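This report concerns only the one structure given below.
Heavy-atom basis, side chains included; hydrogens, waters and symmetry copies ignored. Note that the coordinates shown come from a computational prediction; the quantities given were computed from them, not determined experimentally. Naming convention: chains lettered A, B, ... in sequence-line order (proteins, then strands); numbering from 1 in each chain.
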Protein chains: 2
Amino acid sequence: MITMLDVAICAGVSKATVSRVLNGKDVVRKEIKERVYKAIKETGYRPNLLAQQMTTQKTSMIGLVITNEVYNGPYFSTLFYNAAKYCEQHNHRLIFADGKRTFEEEIYAIDFLVGMKCAGVMVYTKYLSACKLDKIVSSSPIPIIALNQKLENNAESSVFINHYLGCLKMMDFLYGMGHSEIAYISGKKNSRSNTARQTAYLEKMAEYGRAADNNMIAQGSWNMQSGYEAAKELINNNSVFTAILAGNDDMAFGVIKALKEAGKRVPEDISVAGFDNAKMGNFFSPTLTTLDVPLEEMFRRAVESILDVHQDEGFSELSGTLVIRESVRKIN
Amino acid sequence: MITMLDVAICAGVSKATVSRVLNGKDVVRKEIKERVYKAIKETGYRPNLLAQQMTTQKTSMIGLVITNEVYNGPYFSTLFYNAAKYCEQHNHRLIFADGKRTFEEEIYAIDFLVGMKCAGVMVYTKYLSACKLDKIVSSSPIPIIALNQKLENNAESSVFINHYLGCLKMMDFLYGMGHSEIAYISGKKNSRSNTARQTAYLEKMAEYGRAADNNMIAQGSWNMQSGYEAAKELINNNSVFTAILAGNDDMAFGVIKALKEAGKRVPEDISVAGFDNAKMGNFFSPTLTTLDVPLEEMFRRAVESILDVHQDEGFSELSGTLVIRESVRKIN
DNA sequence: ATGAAAGCGCTAACAA
DNA sequence: TTGTTAGCGCTTTCAT
C-alpha cells in the first residue's frame, strides 16, 4: 500500500508538504509542488479517505436507513433516487443500511451509520416507535432526520408528510365528483402512511353518512399484485361502490386490471384513484387520478437540514397536491 | 466524544481489555466483562467505525457507481435495489457515488470509493471506455466489477449481459409470430445496451430481406415519454410495420399509449414488445411481451465475486429469457 | 487474563 | 515556506 510517506520520500519532502499540496490550503513553492505531483504519479498514490476522515473528524457521507426487504416498488426507488440526488448535489455520498424487519435491526442500522461518522442520517423506519426514535434522535451526536414521521420532541428533525391531510383532499375531490360509496384498498398493516390515509377515509365516509363497512375495505400490501387481489375480493363480496380509492398508485394499477377483467369499465362504471403520482399514471389507460406526494421535497429538506444549509422554511410539513386525470368520472 | 479510553477508565481497565470484550475474540474474565459493559452503558459509548476500519484495514462497504442523472426509471431503481439487497445479504453496506455525465466524473467516483477502502466497487458506467476501465480495473488495489460490460483483459471482473443475444432471441420470436416488418425504438444514444440491441435488430432485419430503413427506427431515451413521442413520429412517417420493438419496457408503454391514441389496437393491429421485464408489464393492458434481463443475477454475481464467495460459475455471461404475453400477436 | 505500547495514514499546531 | 511532532480511536503484538 502506497501511503503519503512514500510520496514524501519519493519527492524528497515531508508528509506535511505532500498533504499541503494535496489540500491546497497552505502555500507551497511551485517547484516543490511539481515534484510532489510527479511523485504521486510515479508511486501511483491514492489518498486513504478513511484515514483522512478519521483525522479531520469529518466525513462526506450521509446515511439512509430504509427497510428494504419490505417493499421494492417504484416508490421505494424514488426514495432512493432522490436521496442520492440531493446528497450528490451537496457533494456527499449516500450510504445505505437496511432496517430489515424489526425495530432492533432498525436501531442497529442507525447505529452503524452513526458509528461511521456520517454527516447525518435519514431514517425511513417502519418498526421503530416514534417515541423510541425521538429518544435516539435526542441523544445522537450527529443529526438524524426522521422521514415521513413527526417527532414530538424533535420536530425540527423530522420531515413529515401529512398523509391524513392528503387523503382528506382526495376524498373531498371524489365526493365533489359525486362519489360517496367509496371502497378502500389499504396498504401494508402497521404502515404509518396507510394508517393516516385510512383514518381520513373512514372519517370522511362517516361524514357522508356511511358507517365503517368491512366489505368496503380490502387489505393490500402496496404492490400491484396485492391491489389486483384486493379488488377481486371487493368484487366477489358484491359490495356496492362507485369508486375505489387505493392506498397507492401501484395498487390502483392492480385494481384497474381486476376491474377490467371483471368486465367493468374505468371510469365509466367505476372510478379509481391512488396516491404517489407514479410516472406510470400518465401512461396507463385510463390515466390515473392521484395525489402527488412531495418525496423530492422531503429529501431536499432532509439533506439541507443535515448539512445546515436550509433556507428557513419553518416547520417541515407537507401534504401533497391532487393530480386529476381520467380515472375518476363525475357521476349524477 | 466518548472514546474507548473513557470506557476503559470508567471500568478501571485498559483500552485493550475493552476492545477485547467488544470483539469477543480473546477471553476476558466474566467479572471484568460485566464491568466493561456497565461502563459502556454509563458512558453511552459508541465505537468509532472509521477508526476501527482504519486500524483493521478492512471495511464493510461495497461501492456502486452509476450515472444517476442519466436515468431515473424503474430500471435504475431495480439496479439500486438489487445492489443493496446483495450487499446486505453479505452483511455489507452499499455506498453510492454518482458518475454524473462525463468519464472524468466517473473516474472521480470510482476513485472516491477506492479511497474509501471499500471491499470492492461495482461500476455501471456510461462514458468511460471499456479500454480505460480495463486499465483502472487492472491497477486497482481492490476488486472493481464492471456491470453490463465486457472487459477484454479482466473478463473475470465483469458481469456481462449479452443484450445482442437477447435481442436476437426477441427478433426470432417476432419473426416466428409472422412479423418481418418491425420498427425499432432505440434507447439513449451511446448506450451500450442499446447499441447491442439495435445491432441485433438490424442484422435480423437484413436477414429478413429488409434493408436498414431510417423510417423504421425512432430515437428514444429509455423513458416512457420518449417512447410515446418516438412512436408518434413513426406513425406520422406513415411507415409500414406490423410490430414495434422498443429498446426497453418503459418506452414500450409509451409506444402503446401512442398507438392507442392513433386508433390502433395492440396487438390486433400492431404488436409491441420491450426489454427488461418491468413489473408493470404484467398489469398493463395488453400485458407486455418482453425479455427478462437478469439484473438480480448480475448483482448476485458481482457482490459474490467481490467478497470472493462465488460458487465457480465460470464466465459471467447472461442474456435473458423471453417472457411471452399478450402484446404480440401471431399474424398470417 | 490483562496492560503497555506501537502503529494504521492522515492533518494541523508549532517550530524552525 | 517547510519539517517535526502529536494526535485521531482503534486493534494487536508482546510482555507480564
salt_bridge(A:Glu304, A:Arg301) N-O dist < 4.0 Å: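 Salt bridge between A:Glu304 and A:Arg301, a charged N being under 4.0 Å from a carboxylate O: no.
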
Using whole Å, report how far [atom1] of [X] lies from [atom2] of [N].
{"X": "A:Leu5", "N": "D:dG3", "atom1": "CG", "atom2": "C1'", "result": "13 Å"}
{"X": "B:Leu49", "N": "D:dC10", "atom1": "CG", "atom2": "C1'", "result": "11 Å"}
{"X": "B:Gln53", "N": "C:dC10", "atom1": "CD", "atom2": "P", "result": "16 Å"}
{"X": "A:Lys30", "N": "D:dT2", "atom1": "NZ", "atom2": "P", "result": "14 Å"}
{"X": "B:Asn23", "N": "D:dC10", "atom1": "CG", "atom2": "C1'", "result": "9 Å"}
{"X": "A:Ile9", "N": "D:dT2", "atom1": "CD1", "atom2": "C1'", "result": "17 Å"}
{"X": "B:Met116", "N": "C:dC10", "atom1": "CE", "atom2": "P", "result": "14 Å"}
{"X": "A:Leu50", "N": "D:dC8", "atom1": "CG", "atom2": "P", "result": "17 Å"}

Sequence-aligned protein contact record of nucleotides 3-9 of chain C, with B where the base is within under 4.0 Å of a protein heavy atom and S where only the sugar-phosphate is: BB--BBB

Look only at the side chain of [X] and the backbone of [Y], and say whether a donor-acceptor pair between them is shorter than 3.5 Å.
{"X": "B:Glu106", "Y": "B:Gly99", "value": "no"}
{"X": "B:Thr125", "Y": "B:Tyr127", "value": "no"}
{"X": "A:Ser158", "Y": "A:Phe160", "value": "no"}

pair B:Ser60-A:Phe112: side-chain heavy atoms closer than 4.5 Å: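 Yes. Closest side-chain heavy atoms under 4.5 Å.
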
Full working for side chain to side chain contact (heavy atoms under 4.5 Å, CB included) between A:Leu64 and A:Ile66: CA-CA 7 Å; A:Leu64 175 64; A:Ile66 312 186; 3.8 Å; yes

Aromatic ring pairing A:Phe80/B:Phe80, orientation class (parallel under 30°, perpendicular over 60°, tilted between):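 Taking B:Phe80 first and then A:Phe80, their aromatic rings lie parallel (interplane angle under 30°).
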
Cation-pi geometry met for A:Lys132 and A:Phe103 (6.0 Å, 45°):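 Yes, A:Lys132 sits over the ring of A:Phe103.
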
Terminal axes of the helix from C:dA1-D:dT16 to C:dA16-D:dT1 (five pairs each): angle between them, nearest 10 degrees: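 Axis-to-axis angle, ends of the helix: 40°.
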
Salt bridge (charged side-chain N to carboxylate O under 4.0 Å, His left out) partners for B:Glu31, two or more places apart: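 B:Glu31 satisfies salt bridge (charged side-chain N to carboxylate O under 4.0 Å, His left out) with B:Arg29, B:Arg35 once adjacent residues are dropped.
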
